[in-house]
Amino acid sequence: ALLDEGCTVPFIARYRKDVTNSLEDVEIRKLEERLNYLRNLEARKKTILESIESQGKLTPQLKEKIENALVNSVLEDLYRPYKPKKKTRGSIAKEKGLTPLANFIKKNLTNSLDEEAKKYIDLEKGVKDEEEAIKGACDIIAEEISDNTSFRFFIKNLIAKEGFIASKQTKEPTSNLYLNYYNYKEMVSKARPHRILATSRGEKEKCLIRYIVVDEEKIFKHISKFVIDNRSPYKDMLLDVIKDSYKRLIEPSVTNDIFQELFTKAEDSSLLTFKLNLHELLMVAPLKNQVIMGF
């Protein structure tokens with residue numbers, strides 16, 4: 001209520017101790033940041049629910065998941081399959097009417113793909129031959145895999161438990177401040193805050209390239225269980241589609257989410273360290289053998 005009335009954090013900490021039960025300014029600022037985060041999250045939930053409902057795709061189960069989401073990245077992953085997309089390879093293929101062919105590749109167990117693909121040749125729509133039809137259908141499947149929320153949750157959890165954060169130098173680094181990070185690799189679960197911040201600065205200054213290292217075979221194997229029927233004659237094709245979906249669509253956005261979460265935690269941890277260091281510095285006697293009344 002005090003924040004909504006326009007009171008600043010220092011004012012509340014100093015003059016409203018009776019209301020806050022003497023909370024310190026650091027605690028109040030944390031509450032302010034959390035309040036803003038949760039309010040933005042609730043506003044985003046409302047927008048997302050309205051968007052999905054307008055599409056006629058809002059189920060009670062999906063609504064419950066969205067309403068219970070506590071983190072923005074989880075919320076956006078839930079919304080991804082229903083989010084209006086810009087022009088993508090998958091959406092262009094859908095416009096060309098290749099969705100049924102994509103379903104054929106996923107579900108049909110007969111070895112007659114070329115014959116099926118011939119049905120979708122349409123020069124007016126830009127499908128000149130069977131090969132182009134099949135390629136477009138694969139793009140649709142790759143996008144469906146990318147939009148699958150459970151796959152993204154699995155990948156993020158795998159990276160959090162077993163993944164590594166790594167960095168290497170750019171071709172022409174602009175500074176030598178980041179020599180220690182030209183061949184850096186550390187488990188995500190054990191990455192130190194100061195290293196997260198250093199690699200982030202190095203990337204901004206175009207000295208470093210940051211990336212995530214994870215066992216991709218585990219990811220491909222997990223997705224394959226839900227996408228590939230072992231009896232399918234198109235197993236190899238679908239495995240290539242899974243790899244393309246991960247490398248081209250999933251990995252960039254998941255990596256960005258992971259780095260953002262790590263940066264936020266590292267920033268909070270560093271602020272606490274700076275606070276403690278400053279306290280120690282200020283407690284050092286400024287003049288030897290002299291009593292200082294104040295500054």
* Relative to the ring of Tyr184, is the ring of Tyr181 parallel (under 30°), tilted (30 to 60°) or perpendicular (over 60°)? -> perpendicular
* To do: Assign the ring pair His222 / Phe151 to parallel, tilted or perpendicular, where the plane angle (0 to 90°) is split at 30° and 60°.
  =>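 Judged by the thresholds at 30° and 60°, the geometry between His222 and Phe151 is perpendicular.
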In terms of heavy-atom contacts, does [atom1] of [X] have more than 12 from other residues, nucleotides or ligands at under 6.0 Å?
X     : atom1 : answer
Tyr15 : OH    : no
Asp18 : CG    : yes
Glu27 : CD    : yes

* **From Ile196 atom CD1 to Leu262 atom CG, the distance as rounded to the nearest 0.5 Å** => 4.5 Å
* Structure fact -> To the nearest 0.5 Å, atom CD1 of Ile155 lies from atom CD1 of Ile258 at 10.0 Å
Test: [X] and [Y] ion pair at under 4.0 Å:
X      : Y      : result
Glu172 : Lys206 : no
Lys96  : Asp122 : no
Glu144 : Lys106 : yes
Lys221 : Glu216 : no
Lys94  : Asp139 : no
Arg39  : Glu42  : no

For a quick test of reading the model, state the closest non-hydrogen atom pair linking [X] to [Y] and the distance between them.
X      : Y      : answer
Phe263 : Leu197 : CE1-CD2, 3.5 Å
Ala133 : Leu98  : O-CD1, 3.7 Å
Ile212 : Ile165 : CD1-CA, 4.3 Å
Gly136 : Ala93  : O-CB, 3.2 Å
Ala166 : Val213 : CB-CG2, 4.1 Å

* Step-by-step side-chain contact (heavy atoms from CB on, under 4.5 Å) determination, Tyr234 to Ile228 -> CA-CA 8 Å; Tyr234 315 117; Ile228 301 176; over 6 Å; no
Less than 6.0 angstrom from the centroid, inside 45 degrees of the normal: does [X] satisfy that with respect to the ring of [Y]?
X      : Y      : answer
Lys185 : Phe164 : yes
Lys168 : Tyr211 : yes
Arg16  : Phe11  : no

* **Audit row: Asp244, Arg89, side-chain contact (heavy atoms from CB on, under 4.5 Å) steps and yes/no** => CA-CA 12 Å; Asp244 171 60; Arg89 281 164 45 175; 4.1 Å; yes
* Carefully, step by step, assess Ser253 and Arg152 under the rule side chain to side chain donor-acceptor pair (under 3.5 Å). => CA-CA 10 Å; Ser253 63; Arg152 286 177 173 266; 2.8 Å; yes
* Asked: Taking it one step at a time, do Gln169 and Asn183 satisfy side-chain contact (heavy atoms from CB on, under 4.5 Å)?
  -> CA-CA 7 Å; Gln169 71 181 96; Asn183 190 25; over 6 Å; no
* Output, in order, the C-alpha distance, side-chain angles, deciding distance and verdict of side chain to side chain donor-acceptor pair (under 3.5 Å) for Thr273 and Ser270. => CA-CA 5 Å; Thr273 302; Ser270 294; 5.7 Å; no
* To do: Could you verify whether a donor N or O on one side chain and an acceptor N or O on the other, from Ser167 and Tyr182, lie under 3.5 Å apart?
  =>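 Per modelled atom types, Ser167 and Tyr182 side chains form no pair under 3.5 Å.
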* Asked: Please walk me through it: do Tyr82 and Leu62 pass side-chain contact (heavy atoms from CB on, under 4.5 Å)?
  -> CA-CA 11 Å; Tyr82 311 95; Leu62 179 58; 3.6 Å; yes
* **Verdict with reasoning, Glu205 to Ser175, per side chain to side chain donor-acceptor pair (under 3.5 Å)** => CA-CA 8 Å; Glu205 294 175 22; Ser175 168; 5.0 Å; no
* **Verdict with reasoning, Thr199 to Tyr178, per side chain to side chain donor-acceptor pair (under 3.5 Å)** => CA-CA 8 Å; Thr199 54; Tyr178 304 99; over 6 Å; no
